[in-house]
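Just so it is clear, the model here is predicted, and its values are computed rather than measured.
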Amino acid sequence: MNKLKNLFAKIKSVKNIEIYVAVLLGIVVVSIVLIGNFSTKNVDEKVSSESYIAEMEHKIVSVIQKIDGVGKVEVAITHDATNESVYAYESGTNNILYVKGEPVIIKTLPPKILGVVVVAEGADNPIVRMKINEAVITLLDVDENRVQVFTHKS
């Protein structure tokens with residue numbers, strides 16, 4: 001108990017202790033706010049990219065099912081984890097433009113598609129397979145080597 005009283009006595013004897021405590025609390029609050037903002041942005045980005053990919057998978061299934069000779073279709077798209085932001089720059093410099101401490105984003109690009117797998121009934125026919133492949137390449141603007149088409153098992 002004496003040790004605790006001695007500690008409080010030493011703390012009280014420090015000049016301007018209120019300022020030190022206020023600064024320390026300020027640092028803690030700012031840290032919590034910044035960590036909260038970063039984690040929220042990462043979660044929002046991930047949800048946004050996942051919903052974009054799900055939408056694209058649905059769109060591709062919808063289009064491919066309309067191709068003559070195609071039956072049941074499943075599509076899986078692999079992608080990098082995040083969207084890419086394009087920032088505004090100060091005119092005549094390479095410095096990113098900030099407003100209220102936040103960088104100005106001109107546009108957000110969707111996540112980069114790494115590969116597409118299509119499993120479809122009717123893909124055993126080479127002509128149908130080619131049409132599926134062409135549809136995916138056109139819809140997603142990806143290289144041919146990023147698309148694989150397989151026959152759906154019956």
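- A heavy-atom distance below 4.5 Å is found between the side chains of I127 and K131.
- No side-chain donor-acceptor contact under 3.5 Å links E74 to the backbone of A120.
- The neighbour count for D68 CG, taken as heavy atoms of other residues, nucleotides or ligands under 6.0 Å away, does not exceed 12.
- At a threshold of 4.5 Å between side-chain heavy atoms, the hydrophobic network of Ile, Leu, Val, Met, Phe, Trp and Tyr places L139 and V128 in one connected group.
- Distance alone, capped at 3.5 Å, places no donor-acceptor pair between the S85 side chain and the Y87 backbone.
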- Message: Test side chain to side chain contact (heavy atoms under 4.5 Å, CB included) on H79 and E50; report intermediate values, then the result.
- Response: CA-CA 9 Å; H79 59 92; E50 291 298 326; 3.4 Å; yes

- Test side chain to side chain contact (heavy atoms under 4.5 Å, CB included) applied to V118 and V136, step by step: CA-CA 9 Å; V118 178; V136 172; 3.8 Å; yes

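- One finds the CG atom of L140 at 9.5 Å from the CD atom of E57 (value rounded to the nearest 0.5 Å).
- Distance CD1/I64 to CG/N133: 9.0 Å, rounded to 0.5 Å.
- A single hydrophobic cluster is not seen to contain both V147 and L114; linkage of ILVMFWY side chains at heavy-atom distances under 4.5 Å, directly or through other members, places them apart.
- Distance check, rounded to the nearest 0.5 Å: CE of M56 to CD1 of I113 gives 6.0 Å.
- Proximity of a side-chain donor or acceptor of S62 to a complementary backbone N or O of H58 within less than 3.5 Å is not detected.
- The distance from the NZ atom of K153 to the CG atom of D124 is 15.5 Å, given to the nearest 0.5 Å.
- A distance-only check finds a donor-acceptor pair linking the side chain of R129 to the backbone of V149 [under 3.5 Å].
- Remark: of the listed residues N125, V63, I132, I132 is the sole one forming a side chain to side chain contact (heavy atoms under 4.5 Å, CB included) with V70.
- How far CD of E144 is from CD1 of I137: 4.5 Å, rounded to the nearest 0.5 Å.
- In terms of modelled atom types and a separation under 3.5 Å, the side chain of D80 and the main chain of K112 share a donor-acceptor contact.
- As a member of the Ile/Leu/Val/Met/Phe/Trp/Tyr network built from side-chain separations under 4.5 Å, L97 groups with V99, V104.
- Residue N145 places its CG atom among more than 12 non-hydrogen atoms of other residues, nucleotides or ligands, all under 6.0 Å distant.
- Using a 4.5 Å cut-off between side-chain heavy atoms of Ile, Leu, Val, Met, Phe, Trp and Tyr, V117 falls into a hydrophobic cluster with V119, F150.
- E84 CD to I105 CD1: the interatomic distance, rounded to the nearest 0.5 Å, is 11.5 Å.
- Considering every non-hydrogen atom in both I96 and P103, the closest pair reads CG2-CB, 3.9 Å.
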